[in-house]
Amino acid sequence: MFDLTTRDIKFISGVGPQRAGILNKELGICSMHDLLYYFPYKYVDRSRIYQIREVDGNMPHIQLKGTILGFETFGEGRTKRLVAHFSDGTGVVDLVWFQGIKYIPGKYKLREEYIVFGKPTVFNGRINMAHPDIETPADLRLSAMGLRPYYHTTEKMKRSFLNSQALEKMIAGVMALTREPLPETLPEYLIAEHHLMPLTEALRQIHFPTNPEQLRRAEYRLKFEELFYIQLNIMRYARDRQQKYRGFVFGSVGDIFHTFYSRNLPFQLTGAQKRVLKEIRYDVGCGRQMNRLLQGDVGSGKTLVALMSMLMALDNGYQACLMAPTEILAHQHYETIRELLHGMDVRVELLTGSVKRKKREPILSGLLTGDVQILIGTHAVIEDTVHFSSLGLVVIDEQHRFGVAQRARLWGKNRQPPHVLVTTATPIPRTLAMTVYGDLDVSVIDELPPGRKPITTSHQFDNRRESLYRFIQSQIDEGRQVYIVYPLIKESEKIDLKNLEEGYMHICEEFPGCKVCKVHGKMKPAEKEEQMQRFVSGEAQIMVATTVIEVGVNVPNASVMVIENAERFGLSQLHQLRGRVGRGADQSYCILVTNYKLSEETRKRLEIMVRTNDGFEIAEADLKLRGPGDLEGTQQSGIAFDLKIAHISRDGQLMQYVREIAEKIIEADPNGERAENSLLWQQLKVLRKTNVNWASIS
Ligand code: ADP
Ligand code: MG
């Protein structure tokens, strides 16, 4: 058998060093193996005419022959579309146009025979073909090729005549070389048990499918393999970590915890908070090192759970630390926690980038002696100059702002890695969580503290300012406070700031009887802090701000969140912002203000926001609308996530399925000793070496 990974593509006939260089630069393709794993993004079948009754939504681009029964238009403005009902006597498909609506009905005659060519999809239970090519039967020439693959190429490639067809030819060339089967990458027993197509066959079919059925089987095999190894990697890694690192044992819940619980706790814990605390209690008591993700919607009371977990550490002679993504938030946590611990003998300190040397030194030495029991701060707490005497637990608040690498730095802060609790209000959809944070255990607070009324969300166009302002005034008259948020996008910070300043001036004019404060990211921390404080204390009734208030800030008296240019925010960001209100017992409102022209996707985003308050539903919708690469959670944690063939949003079920398979294998063969599995560990090694994604996961 020969090894394709070591065969340079320049040895394929017709390639040569120059084209090989371009492929290398543009697509990262170096070896023949890389080339075989560069999959088509679509297939086109011009070999035959399909009957409509055979057609389903999984098919490639195909041809149909029939007549148009009639035209209809639906929708208004930007959503307007033209539909032609097309039949061949075995069924009906809808041909759909979003453009050219005016001239298309004049171009084609009813009851005349046409060949239509397009990709069938299913929409509202009907088969659709959007913007199909239409020809007369006289033009029809059936291609001798079956399903034809199409590959993505770049501008640079096209300039060197490396288009889709050229790639197709090259891949066919490699295929022709592999007369013998390639080395299999999955063990025989898995292939048999799960009825998978053998590797060589799957690779051949994925590029040059004989028919849609074979293509589907090839896709399944390759997706299975891709997701399976991701899961196996995570499980293996988690297992190794468990064996290598013992966790500190917090054997008992002691005085500090009990005093807090019986004397200081200002309210009853919710059922969900209690349950999650039990889960954490078990984790930190059992000798394993805890790595837990605490998900809970905004306002669900994660801070309290974090604090009580820290008290468990203190009771067992350890220190604890809480890391927040921003100074404002660190400060607020510091204030909240100091207040919650009022009258108790616990030393809490705040450490951020702006804490000056003079104040910093006693904190650092207090950490070394163990006098400082709880440290709250920004990423300043993981700097190399910060040493603890016995750090036992780290809480990372709103972790989607923290990189995985930063998380890893914590591990060097004690002789053993401390327990880690990561909290987030940006729910990570299950499939993504299983992939990116697969090594974390997950706890969920799925219950809000009692007495909260669901926030009422509405969408308004920005030409209806008057009624909006009247509404704001009426809320202020009732003693409530109001946030008005402007977008901030890095590329155009100047324009955004101008927006904010203009908005601020405008609001000051509109509400002469109110105090208005202003916060944005370009301010000095002290100034920002002062402005925030004016709002927190209730002195100012209106806060005009950029998204710096997105995470965590807590002002229960604020009942209105106005988001200007809401079309410029992502779903999870909108949800986060909305979560700043609805924290008290009063009815709260979120008003999404946009201009008139909106894309279809934006419309959907706003609709979802108006319809639901459920963070999980929103996260799932976000994933569907944008795809995982764009999700804030993944991007900000620095995980570039791209799969070759599987889709994180569409293949969730398969992911779950292969995860269970991987779990069973690790359970049955924890030390990787069984002969039938040796291929698995060998393959994992190869993938760990070559897969950039994985470096950041594990
Ligand atoms: P988040 O989960 O978004 O971090 P917080 O921890 O900031 O939420 O809590 C939001 C608000 O709810 C705070 O004002 C907090 O004091 C309050 N809170 C937390 N737990 C409870 C509870 N069990 N009962 C009543 N109020 C609670
Ligand atoms: Mg919080």
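Hydrogens, waters and symmetry mates are skipped; everything else that's a heavy atom, side chains included, is used. Counting starts at 1 for both ligands and their atoms, following the listed order.
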Q: Take the angle between the ring planes of His331 and Tyr334 and call it parallel below 30°, perpendicular above 60°, tilted in between.
A: perpendicular

**Q.** Gln576 and ligand 1 - part of the residue with a heavy-atom distance under 4.0 Å
**A.** neither

Q.
Measuring only between side-chain heavy atoms, which start at C-beta, is Val519 closer than 4.5 Å to Met532?
A. yes

(Q) Gly301 versus ligand 1: do any nitrogen or oxygen atoms come within less than 3.5 Å of each other? (A) yes

Q: Please round to the nearest 0.5 Å and tell me the distance separating atom CD1 of Ile396 and atom CG of Leu294.
A: 12.5 Å

Q. Hey, does Arg452 sit under 4.0 Å from ligand 1 if you only count heavy atoms?
A. yes

Q. Quick one: ring pair (Phe, Tyr, Trp, His ring centres under 6.0 Å) partners of His419, sequence neighbours excluded?
A. Phe250

Q) Are the ring centres of Phe471 and Tyr589 closer than 6.0 Å? A) yes

Q) So Tyr469 and Phe511, would you call those rings parallel, tilted or perpendicular, with 30° and 60° as cut-offs? A) perpendicular

Q) What atoms of ligand 1 come closer than 4.0 angstrom to any heavy atom of Leu269? A) 23 (N)

(Q) Any heavy atom of Ser300 closer to ligand 1 than 4.0 angstrom? (A) yes

Q) Does Gly296 reach ligand 1, in the sense of a heavy atom lying below 4.0 Å from it? A) no

Q. Hey, which atoms in ligand 1 end up nearer than 4.0 Å to a heavy atom of Gln268?
A. 22 (C), 23 (N), 24 (N)

Q: May I ask you to list the atoms of ligand 1 that are less than 4.0 angstrom from any heavy atom of Arg583?
A: 3 (O), 7 (O), 10 (C)

Q: Check each heavy atom of Thr270 against ligand 1 and say whether those closer than 4.0 Å belong to the side chain, the backbone, both or neither.
A: both

Q: May I ask you to check whether Tyr483 and Phe535 place their ring centres under 6.0 Å from each other?
A: yes

**Q.** Contact (N/O only, under 3.5 Å) between Pro450 and ligand 1
**A.** no

